[in-house]
Amino acid sequence: MNKKQDIRNIAIIAHVDHGKTTLVDGMLRQSGVFGAHQQLTERVMDSSDLERERGITILSKNTSVRYNDTKINIVDTPGHSDFGGEVERVLKMVDGVLLLVDAFEGPMPQTKFVLRKALELKLTPVVVVNKIDRPDARIEEVVDEVLELFMELEATDEQLDFPVIYASAKNGIASTDLAKPGQNLQPLFETIIAEVPAPLGDEQAPLQLLVNNTEYDSYQGRLAIGRISRGSLKSGQAVALIHHDGTIVPARLGKLYIWDLNERSEVQEASCGEIVTFAGLEDVAIGDTVADKENPEQLTPIAIDEPTLKMNFMVNDSPFAGRDGKFLTSRELRTRLYKETEKNVSLRVADTDNPDVFEVAGRGELHLSILIETMRREGYEMSVSKPEVIYKKEDGVVLEPMELLMIDIPEDKTGVVMEIMGNRRGDMKNMTAMGGGQFRLEFKVPARGLIGFRTQLLTETRGHAIMNHVYDGYEAYKGDIKSSDHGVLIAFESGVATQYSLHATQSRGMLFIPAGVEVYEGMIVGENSRHQDLEVNVCKKKHLTNMRSSGADASLRLEEPRKFSLEESLEYLDNDELLEVTPESLRLRKRILKKNERDKAAKKASKLT
């Protein structure tokens, strides 16, 4: 086995908003990738609109920088465990990781999730403490917390002896010594080259490459991405494609690309250790092996954590269906969902007995909501049901997915949060004073206990709480959790909501819509202050009389209606409700729109129980 000394392959691990993409931007600038005449897009690794809006990485992306004679391939990993499928694939392509932690917040749940995967794969870590210029920075405490985390995750002695870089990605500086402020990112580049091992491989041996990702190009078709483990790869080469089940199919490559600085560059040949992209294999799937046609040897397929949450996607059958969207039919919906599974390996899609309904399972609420938002922006219309956790059964014992939850709150709110978590079967594991009157509470809680929790938490703490959570395996069923005790206000008829009717309705509870919005029968327009659902007429107009003044309605003051994000809408849903999703609107509605049909269904259900 030889080492490719002119290449280093690294992944960046960081929690949401700890400065990961800002650091990559700085590395690109200082390596000379962007000349004086070029303008660097902020957060170049967050390439989609959704990623830039939310400030998170959803899909892993590659770039590269050159430092002296060494090419450093950098892979950006998602910072949220819901995209764990992306994380695990990325780590198979690299030899080391940059663990980026905030100088105040320290290691967070998603950091722990990805780091565990990296340590299990025996990757070499380099710790970067970022945002050292923060006035509230706890640099030494954070380094101690990182060391404790490594020990908790059973790191090897070699991994525990990690180098530490102190950086400010925003200012483009790094140093190996806090007492000696950095001038640029040179110490970071040099530490990567010195500490991260060069890729091993035998260029003369038969070809082996594990496909870690796929993309689609409108001109070339399916593109596959992976790192060459052994041998070399040539444009147009005849190869053997080995599927997960061991089936071997002869194939021929099309064009071959590598990442050269921040662009994909076509090459005729690439050797072991390099991360490549290639066309020509239409049937290739993530986890397949591309091997030498004469000596086909399979690499271990990628093992991905199974989904923990499921929901139904169905054709939009509301009275407003087809007003906004371009893709409405079950065939179009089915094609799009199954196409997503080709690149989104943590996602599962299954047909149901109803041809208009599809069961979609994912790694968490964020994972599924990102899919819904992406499809919505592409012009799809659909209705989705309340998310449900996926249970398992082993040796007659029912198991449910658990989450490790971390909440940062003011000291005076700790009591109310503990009470809420107790009602949701949460078990407190730790409580840490963060300084400045802030406390960090850590809980282990069933995944179903987090459905709807974010909204309740922000309401009870008046927006002063920050929560993060990560999947933490399956455990025995923890017992029943009391369901939401709120009723909803349901539109009695179709029409346009009037100020006059809404003014009368708001005494019944909280409104979700303003005056002038078109509604339909069965649409949810507010939350009832009592436990049961209530039908209300929000379209009623005031009868005209000779005594009516022209400005009478102006004196009717309406409270500001509550607005829902996509995630909040999903959390709010009850079992008999759906969320109508269109490119322009999100509407909460009853599954059965007509009142008399809902009453019949409820009566039938009560007889069965």
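None of these values were measured; they are calculated from a predicted model.
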Close aromatic pair by centroid cut-off 6.0 Å: Y572 and F512: yes
Of all heavy-atom pairs linking D6 and D69, the shortest is CB-O, 3.8 Å
Does R376 pair with E584 as a salt bridge, N-O distance under 4.0 Å? no
Salt bridge flag under 4.0 Å for residues E145 and R138: yes
So E105 and K131, salt bridge (charged side-chain N to carboxylate O under 4.0 Å, His left out) or not? Walk me through it. CA-CA 10 Å; E105 294 185 352; K131 304 186 184 181; over 6 Å; no
Side chain Q159, main chain T156, donor-acceptor under 3.5 Å: yes
Between T582 and S585, is there a donor-acceptor pair closer than 3.5 Å when you use the side chain of the first and the backbone of the second? yes
Give a yes or no on whether the backbone of R363 and the side-chain of T308 come within a donor-acceptor separation of less than 3.5 Å. yes
With sequence neighbours excluded, give me every ring pair (Phe, Tyr, Trp, His ring centres under 6.0 Å) pair touching residues 115-156. F150-F162
Quickly, which of E274, R227, R8 forms a side chain to side chain donor-acceptor pair (under 3.5 Å) with N73? Name it, please. E274
Please determine whether side-chain contact (heavy atoms from CB on, under 4.5 Å) holds for the pair V75 and V94, giving the CA-CA distance in whole Å, both sets of side-chain angles, and the decisive distance to 0.1 Å. CA-CA 8 Å; V75 189; V94 300; 4.1 Å; yes
Can a salt bridge be assigned to the pair D408 and R440 using a cut-off of 4.0 Å between side-chain N and carboxylate O? yes
Kindly indicate, with the supporting measurements, whether the criterion side-chain contact (heavy atoms from CB on, under 4.5 Å) is fulfilled by M406 and F443. CA-CA 7 Å; M406 199 176 281; F443 296 89; over 6 Å; no
If you compare all heavy atoms of L337 against all heavy atoms of M375, which two are closest, and at what distance to 0.1 Å? CD2-SD, 3.9 Å
Is any side-chain heavy atom of V127 closer than 4.5 Å to one of L100? no
Above 12 or not: heavy atoms from other molecules or residues under 6.0 Å from CD of Q183? no
Flag the pair K117 and E120 as a salt bridge only when some basic side-chain nitrogen lies within less than 4.0 angstrom of an acidic carboxylate oxygen. no
Any side-chain heavy atom of R222 within less than 4.5 Å of one from V284? yes
Yes or no on side-chain contact (heavy atoms from CB on, under 4.5 Å) for F439 and M431, after CA distance, side-chain angles and deciding distance? CA-CA 7 Å; F439 275 76; M431 181 174 180; 3.5 Å; yes
Could you tell me if D133 and N171 have a donor-acceptor pair between their side chains, going purely by distance under 3.5 Å? yes
Main-chain N/O of I258 paired to S265 side chain as donor or acceptor, under 3.5 Å: no
Does N430 have more than 12 heavy atoms from other residues, nucleotides or ligands lying within 6.0 Å of its CG? yes
Can you tell me if NZ on K255 sees more than 12 non-hydrogen neighbours from other groups inside 6.0 Å? no
